[in-house]
Amino acid sequence: MIELLGPDELRRAQASGAFVGDVLRRMRERTKVGTNLLEIDEWVAQAIADAGAVSCYVDYAPSFGRGPFRHVICTSVNDAVLHGLPHDYALRDGDLLSLDFAASLDGIVTDSAISFIVGDTIDEADARMIETTQRALTSGIEAAVPGARIGDISRAIGTVLSDVGYPINTEFGGHGVGSTMHQDPHIPNSGRPGRGYKLRPGLLLALEPWVMADTAVLVTDPDGWTLRSATGARTAHSEHTIAITDDGPVVLTAQ
């Protein structure tokens with residue numbers, strides 16, 4: 001399903017995106033060495049309740065996961081890159097943490113992710129990988145103009161990632177959002193320009209460049225959810241929800 005939102009729905013999407021972006025900003029500020037992943041999950045659950053929003057994750061049970069997710073945010077640490085299931089783990093100095101959060105507010109879903117290094121020990125390779133996914137995200141957003149095609153976004157993202165030398169996995173990528181979290185079109189992080197769905201005003205897209213330092217192969221944890229690099233290499237993930245408008249792309253989930 002591909003939804004095109006009207007003016008009232010786009011106004012609600014702006015409010016939803018502001019909420020999601022603000023939650024991630026606050027989680028980054030609160031997360032310190034010693035913070036437990038389950039604490040982050042609790043903080044986000046409280047923020048959802050305070051805003052009158054609805055979690056997109058608690059009852060989520062897609063074919064690639066094992067049963068309902070039962071948490072409100074994905075917390076992926078170090079070699080984990082996607083769908084990290086919160087568990088009893090206290091963050092350490094130098095951990096690379098990715099937080100992925102989607103929620104519905106007033107009937108509209110927005111989705112965003114950030115990666116950052118916890119504490120004071122900054123590994124230059126980790127910092128460069130995070131910065132590269134952010135640049136790839138910016139490049140993808142700039143390509144998301146009315147009349148362009150999904151392949152143009154994929155090419156823009158993939159060019160930034162591959163130019164730095166990161167292998168690219170296209171199994172998981174960006175996607176449409178709207179009244180539900182995962183919609184068509186799928187937006188791989190590499191692709192051919194001029195191909196795929198033509199972008200139209202009213203379309204909401206979640207763009208999410210993610211990489212693993214030295215592999216494109218994922219493995220799944222015994223928890224049935226957390227996806228890790230097959231080599232144990234570090235990973236990074238950046239994501240924004242954008243709205244396609246007559247004037248170009250608008251970022252809804254800015255932090």
Side-chain angles (χ1 to χ4, degrees), residues 12-32 35-62 64-65 68-78 80-87 89 91 95-118 130 133-134 137 140-141 172-183 187 204-210 223 225-227 235-243 251-255:
R12 288 187 278 141
Q14 289 178 323
S16 176
F19 167 69
V20 166
D22 183 63
V23 168
L24 286 177
R25 177 189 60 79
R26 285 187 281 154
M27 292 308 104
R28 178 169 186 164
E29 291 174 353
R30 291 186 71 172
T31 299
K32 311 293 182 185
T35 298
N36 195 292
L37 299 181
L38 294 176
E39 286 183 281
I40 298 174
D41 190 59
E42 291 172 359
W43 295 339
V44 175
Q46 187 61 57
I48 291 171
D50 291 344
V54 177
S55 170
C56 293
Y57 293 165
V58 170
D59 297 323
Y60 190 51
F64 56 78
F69 190 74
R70 301 193 190 284
H71 293 272
V72 296
I73 190 168
C74 296
T75 56
S76 302
V77 183
N78 295 334
V81 65
L82 298 174
H83 312 155
L85 193 71
H87 59 283
Y89 176 79
L91 290 161
D95 277 346
L96 198 166
L97 175 64
S98 296
L99 300 178
D100 189 353
F101 176 51
S104 177
L105 184 66
D106 202 10
I108 303 295
V109 172
T110 51
D111 189 0
S112 187
I114 57 173
S115 292
F116 58 95
I117 299 168
V118 178
I130 294 169
T133 63
Q134 293 169 342
L137 179 56
I141 292 169
F172 294 95
H175 51 89
V177 291
S179 60
T180 58
M181 179 170 60
H182 285 146
Q183 298 182 359
I187 310 165
L204 257 59
L205 298 175
L207 308 184
E208 49 180 314
W210 59 273
D223 65 23
W225 280 101
T226 304
L227 296 178
T235 68
H237 181 195
S238 296
E239 179 180 16
H240 274 313
T241 294
I242 64 171
V251 176
L252 302 179
T253 51
Q255 291 105 32

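Source: prediction; values computed, not measured.
Every residue two or more places apart in sequence or in another chain was checked for a side-chain hydrogen bond (donor to acceptor under 3.5 Å, both in side chains) with Thr75, and none qualifies. Partners of Arg70 by salt bridge (charged side-chain N to carboxylate O under 4.0 Å, His left out), not counting sequence neighbours: none found. Annotation: side-chain hydrogen bond (donor to acceptor under 3.5 Å, both in side chains) contacts of His83 (sequence neighbours excluded): none. Residues meeting the side chain to side chain contact (heavy atoms under 4.5 Å, CB included) test with Ala236, sequence neighbours left out: Ser115, Met129, Ile130, Thr133. In this view, Asp59 satisfies the salt bridge (charged side-chain N to carboxylate O under 4.0 Å, His left out) rule with no residue, not counting sequence neighbours.
When side chains are defined from C-beta on, Leu137 counts as touching His240, because their heavy atoms get closer than 4.5 Å. A 4.5 Å side-chain heavy-atom check between Met27 and Val44 finds at least one atom pair inside the cut-off. Considering only heavy atoms from C-beta on, Trp210 stays 4.5 Å or farther from Leu227 through its side chain. For the pair Ile48 and Phe101, the minimum side-chain heavy-atom distance is below 4.5 Å. In this structure, Leu204 and Leu252 have side chains that are in contact, with non-hydrogen atoms separated by less than 4.5 Å. In this structure, the side chains of Pro86 and Phe69 come closer than 4.5 Å at one or more pairs of heavy atoms.
In this structure, OG in Ser238 is found 11.5 Å from CZ in Phe116, a value given to the nearest 0.5 Å. Atom CD of Gln183 and atom CG of Leu205 lie 10.0 Å apart (nearest 0.5 Å). Separation of atoms CD1 (Ile40) and OG1 (Thr31) is listed at 3.5 Å; rounding is to 0.5 Å. Atom-to-atom distance recorded for Leu82:CG and Cys74:SG is 8.5 Å, nearest 0.5 angstrom. Residue Leu207 holds its CG atom at 6.0 Å from CD1 of Ile141, rounded to the nearest 0.5 Å. In this structure, CZ on Phe19 lies 9.5 Å from CG on Leu24, to the nearest 0.5 angstrom.
A perpendicular orientation is assigned to the rings of Trp225 and Phe64, their planes being inclined by more than 60° (bins at 30° and 60°).
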Test log, rule side chain to side chain contact (heavy atoms under 4.5 Å, CB included), inputs Val118 and Val77:
CA-CA 10 Å; Val118 178; Val77 183; over 6 Å; no
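Residue Ala206 comes nearest to Val177 through the heavy atom pair CB-CG1, 4.3 Å, listed as atom of the first residue, atom of the second, then distance. For the residue pair Glu208 and Gly173, the shortest heavy atom distance occurs at OE2-O, 3.0 Å. Scanning all heavy atoms of the two residues, the minimum distance from Ser76 to Gly84 falls at OG-N, 3.1 Å. Listed here is the closest heavy atom pair of Pro68 and Ala61: N-CB, 3.9 Å.
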Give the table of side-chain donor-acceptor pairs shorter than 3.5 Å for residues 107-114, with sequence neighbours excluded, one pair per line with atom names and distance.
from   : atom 1 : to     : atom 2 : distance (Å)
Thr110 : OG1    : Ser16  : O      : 3.1
Thr110 : OG1    : Ser16  : OG     : 2.9
Thr110 : OG1    : Gly17  : N      : 3.3
Asp111 : OD2    : His175 : NE2    : 3.2
Ser112 : OG     : Glu239 : O      : 2.7
Ser112 : OG     : Gln255 : NE2    : 3.1

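Side-chain N/O atoms of Asp41 and Tyr57 include no donor and acceptor closer than 3.5 Å.
A donor-acceptor pair is defined here as one N or O able to donate and one able to accept, closer than 3.5 Å; such a pair exists between the side chain of His87 and the backbone of Leu85.
Cation-pi contact between Arg26 and Trp43: absent, since separation from the ring centre below 6.0 Å together with deviation from the ring axis within 45° is not met.
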